[in-house]
Engineer: 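Before anything else, here's the structure in question.
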Number of protein chains: 2
Amino acid sequence: MSKPELNYKHLHYFWTVAKEGGVARAAERLGVSPQTISGQLGKLERDIGRTLFTQVGRRLELTEAGREALRYADEIFLLGERLREALDEPALGQASRLTVGIADSVPKLVAYKLLAPVVEASPQLRLVCHEGEFDELTSALSRHKLDIVLSDRDLGQAQQRRLVARRLASCPIGIYAARSLLEKPGAARNIADFSHAPMLLPSKRTSMRTRLDVWMDAEGLTPNVVGEFDDSALLTTFGGNGAGYFPAATVLTEMLSRQYDAELVIELSDVNEGYYAISLPSRLPNLHVARLLQSALP
Amino acid sequence: MSKPELNYKHLHYFWTVAKEGGVARAAERLGVSPQTISGQLGKLERDIGRTLFTQVGRRLELTEAGREALRYADEIFLLGERLREALDEPALGQASRLTVGIADSVPKLVAYKLLAPVVEASPQLRLVCHEGEFDELTSALSRHKLDIVLSDRDLGQAQQRRLVARRLASCPIGIYAARSLLEKPGAARNIADFSHAPMLLPSKRTSMRTRLDVWMDAEGLTPNVVGEFDDSALLTTFGGNGAGYFPAATVLTEMLSRQYDAELVIELSDVNEGYYAISLPSRLPNLHVARLLQSALP
DNA sequence: CCAGATCAATCGAAAAAACCGAATATTAAG
DNA sequence: CTTAATATTCGGTTTTTTCGATTGATCTGG
């Protein structure tokens, strides 16, 4: 019974060749001669008893076995890299950077409140924040460019196999308006009036919009939509300056009052905004990612 | 900027030493001399700039850095092993075995119905089934002794970081009784009568029991419990032979009628039994595991 | 269509790494 | 105290990796 251990050096050459798309480029990248790569690659193929590449023209192409092997090699060398990084950290197990993507639709204040406990727990942590659209961020997450993504949307069915989402908090939604708007004659003060009031809404793709549409439908409202926004901060800015009635999570009430002089007009008790942390399903999570996920409310 | 590549051979020695608990045992296992291990281990420590072991007495003990490294090494060499296995399969990407754990509380017929599509899709697949208690099975799953676990229970909060559960199907519960029991004078036929009827129930820890307790409480029933069972098959056998009224998922109605001559007495429309597939959060799932998870109902 | 350039594979020799035998130091057990 | 078990260090040997030179195939530009 032969059981030759897998040669990880050979596998690493194979992986580099596949990534770089050729023996020559891989050799340059690794600082060795192409003959070396070619020879060791041959050994690997003999060891495992499968051809990994076929020579088509003067180019190498992955075989089916090669593609399969590459999937594993990707994981293996990613882990190796992270092992190295983990051991390079002065404080063991505590990565010194946490790279987080924040969806445009998440209010900055909410993002702050979610991240604050993590930052406080590790004073020397460097937090790196990126903003963007949901798809953009989850894609960056898959490519290991981000450690975690904060969003107001759950994952779609298709993504649930590659990523995991965890609901961190939820908050009822309210309709707000700047005091300047409310002091005008004939200002809307209750549900019935909203049919004619100027309304600012999140754009179609957001989950909050969907739920608001359902609510307005149920209440029989056909509001006068004067603006749609992708970015919740922009929506708030317009709304806070009196451009129209606007929805926001009720955690923001105090901030809206202080910063924009805007008031809660009505709270939609059964329309909730959920906030999710989306991460890769790693069994070796970054300490800070683990803390963030654990901070989920019951 | 120094960036010496991680030496996986050294890491493998380190991993084996940690697993076997000593240089000597590791050397024997790997078929090399202890000096070799010791030397290569020293090189690894110099390469990464951390001591991995401290010599306490004549034994080696992992340092903090060592424990951290070991977590990664575990993943890496598990992947290496699986890479080898995957490439050994005659049909690429199709593991020829699927090892599944089935919780005692899952009816055999349900397990069959859930697994049948997977088996049919791959005729040459060898299915290996183990039964046991929930904790036993999830533990085996964590140690990679099982590919997947079928259960009627969702994961607890604590386990959700290491394992993922997916609801595959759900089914309303009914109360059944053998015809022989129903033909006796004064047999229970509706809710009110159950207070005095002999009742068989799942044991305390199962999720079905919890929900049944809630239901009975809501209906004001204080049944005469004549038996509690861990294993749903055993419960069904007792119930089917007339030992008492017993609960079961309504998918089983036909089977119960044919095999035991038992009848559905009442269907609890708002008490549902959910069936879950629990697996490791791997990004490289076994094809069959992937199929099973994908077969979830909407 | 041909000449030069590019690429991967092969071969044998040189370099590097891994390995082992003997010896040492330390510790636990009898 | 002696003995057995353990990890380590030091030299020399063996194995593996690497490279230079070469070959054969393929693409590109004139």
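Just the heavy atoms: all of them, side chains too, but no hydrogens, waters or symmetry mates, feed the values below. In what follows, chains carry the letters A, B, and so on, assigned in the order in which the sequence lines appear, proteins first and then strands, with residues in each chain numbered from 1. Small disclaimer: the values here were computed from a predicted structure and weren't measured.
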Engineer: Tell me the interatomic distance from B:L44, atom CG, to D:dT8, atom P, rounded to whole angstroms.
Structural biologist: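 Distance, rounded to whole Å: 13 Å.
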Engineer: For A:I37 and D:dT17, give me the distance from atom CD1 to atom P, rounded to whole Å.
Structural biologist: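 Nearest whole value for this atom pair: 12 Å.
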Engineer: Looking at A:H10, I'd like to know whether one of its side-chain N or O atoms comes within less than 4.0 Å of OP1 or OP2 on D:dT16.
Structural biologist: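 The answer is no; no side-chain N or O of A:H10 sits under 4.0 Å from OP1 or OP2.
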Engineer: Taking A:V32's backbone N and O only, do any of them form a donor-acceptor pair with A:T36's side chain (distance below 3.5 Å, no angle check)?
Structural biologist: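 No; judged by distance alone, with no hydrogens or angles, the pair does not exist.
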Engineer: Rounded to whole angstrom units, what separation is found between the CG atom of A:N7 and the C1' atom of D:dT18?
Structural biologist: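 So the CG-C1' distance, A:N7 to D:dT18, works out to 14 Å.
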Engineer: Let's test your reading of the model: under 3.5 Å, does the base of D:dT26 pair with the side chain of A:R58 as donor and acceptor?
Structural biologist: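 Side chain to base: pair found, below 3.5 Å.
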Engineer: Strictly under 6.0 Å, is that where the ring centroids of A:Y8 and A:F77 end up?
Structural biologist: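 Here the rings of A:F77 and A:Y8 have centres that are no less than 6.0 Å from each other.
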Engineer: Ignoring hydrogens and geometry, is there a side-chain-to-backbone donor-acceptor pair from A:E61 to A:F53 under 3.5 Å?
Structural biologist: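 Such a contact is absent between A:E61 side chain and A:F53 backbone.
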Engineer: Can you tell me how far the CZ atom of A:R283 sits from the CG atom of B:L78, to the nearest 0.5 Å?
Structural biologist: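 These two atoms lie 6.5 Å from each other.
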Engineer: Expressed as a whole number of angstroms, how long is the span from A:K9:NZ to D:dT16:P?
Structural biologist: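 To the nearest whole Å, that distance equals 13 Å.
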Engineer: Report the nucleotide, chosen from D:dA7, D:dT6, D:dT16, that has the shortest atom-to-atom distance to any side-chain atom of B:V23.
Structural biologist: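 So the side chain of B:V23 is nearest to D:dA7.
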Engineer: In terms of side-chain heavy atoms of A:Q40, which of D:dC19, D:dT17, D:dT9 is nearest?
Structural biologist: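 Closest nucleotide to the A:Q40 side chain: D:dT17.
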Engineer: Please report the distance, rounded to the nearest Å, between CD in B:Q35 and C1' in D:dT13.
Structural biologist: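 About 13 Å, once rounded to whole Å.
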Engineer: Look at all strands and tell whether A:G42 reaches a base, only sugar-phosphate, or nothing, counting heavy atoms closer than 4.0 Å.
Structural biologist: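 The answer is nothing, as A:G42 stays clear of every strand by at least 4.0 Å.
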Engineer: Identify which nucleotide among D:dC19, D:dA7, D:dT6 has an atom closest to any side-chain atom of A:T36, counting heavy atoms from C-beta outward.
Structural biologist: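 So the side chain of A:T36 is nearest to D:dC19.
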Engineer: Carefully, step by step, assess B:R84 and B:E81 under the rule salt bridge (charged side-chain N to carboxylate O under 4.0 Å, His left out).
Structural biologist: CA-CA 5 Å; B:R84 173 55 70 90; B:E81 205 176 311; over 6 Å; no
Engineer: Expressed in angstrom and rounded to an integer, what is the separation of A:R46 atom CZ from D:dT17 atom P?
Structural biologist: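 Atom CZ in A:R46 sits about 11 Å away from atom P in D:dT17.
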Engineer: Assign B:G39 to base, sugar-phosphate, or nothing according to its heavy-atom contacts below 4.0 angstrom with the strands shown.
Structural biologist: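 Since no nucleic acid heavy atom lies under 4.0 Å of B:G39, the category is nothing.
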Engineer: Taking the nucleotide of DNA chain D with the nearest heavy atom to each, does A:K43 or A:G57 sit closer to the 5' end?
Structural biologist: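 Taking each residue's closest nucleotide, the earlier one in sequence belongs to A:K43.
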Engineer: In whole angstrom, what separates B:L60's CG from D:dA5's P?
Structural biologist: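 Those two atoms, CG and P, are 17 Å apart.
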Engineer: May I ask you to say whether B:K108 pairs ionically with B:E131, meaning some side-chain N is under 4.0 Å from a carboxylate O?
Structural biologist: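 Yes, this pair counts.
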Engineer: Give the rounded distance in Å between these two atoms: CG of A:L30 and P of D:dT17.
Structural biologist: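 So the two atoms are 14 Å apart, to the nearest Å.
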Engineer: Tell me which of A:P34 and B:G22 sits closer to the 5' end of DNA chain D, going by the nucleotide each one is nearest to.
Structural biologist: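 Residue closer to the 5' terminus by nearest nucleotide: B:G22.
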Engineer: Would you classify A:Y13 as touching base, sugar-phosphate or nothing, given that sugar-phosphate means primed atoms plus P, OP1 and OP2, and contacts are heavy atoms under 4.0 Å?
Structural biologist: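 Sugar-phosphate contact only - A:Y13 comes under 4.0 Å of backbone atoms but never of a base.
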Engineer: Quick check: closest heavy atoms across B:G93 and A:E68, and the distance to 0.1 Å?
Structural biologist: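 That would be CA-OE2, 3.8 Å.
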Engineer: Name the one of A:L293, A:T99, A:I278 that satisfies side-chain contact (heavy atoms from CB on, under 4.5 Å) with A:I148?
Structural biologist: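 Going through A:L293, A:T99, A:I278 one by one, the side-chain contact (heavy atoms from CB on, under 4.5 Å) with A:I148 is satisfied by A:L293 alone.
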Engineer: Measure from the side chain of B:R25, starting at C-beta and using heavy atoms only, and say which of D:dT16, D:dA7, D:dT6 lies closest.
Structural biologist: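 Out of D:dT16, D:dA7, D:dT6, the nucleotide with an atom closest to B:R25's side chain is D:dT6.
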Engineer: Provide the start and end nucleotides, 5' to 3', of the part of DNA chain C that has atoms under 4.0 Å from heavy atoms of chain A.
Structural biologist: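 Boundary nucleotides touching chain A, in 5' to 3' order, are C:dA5 to C:dT10.
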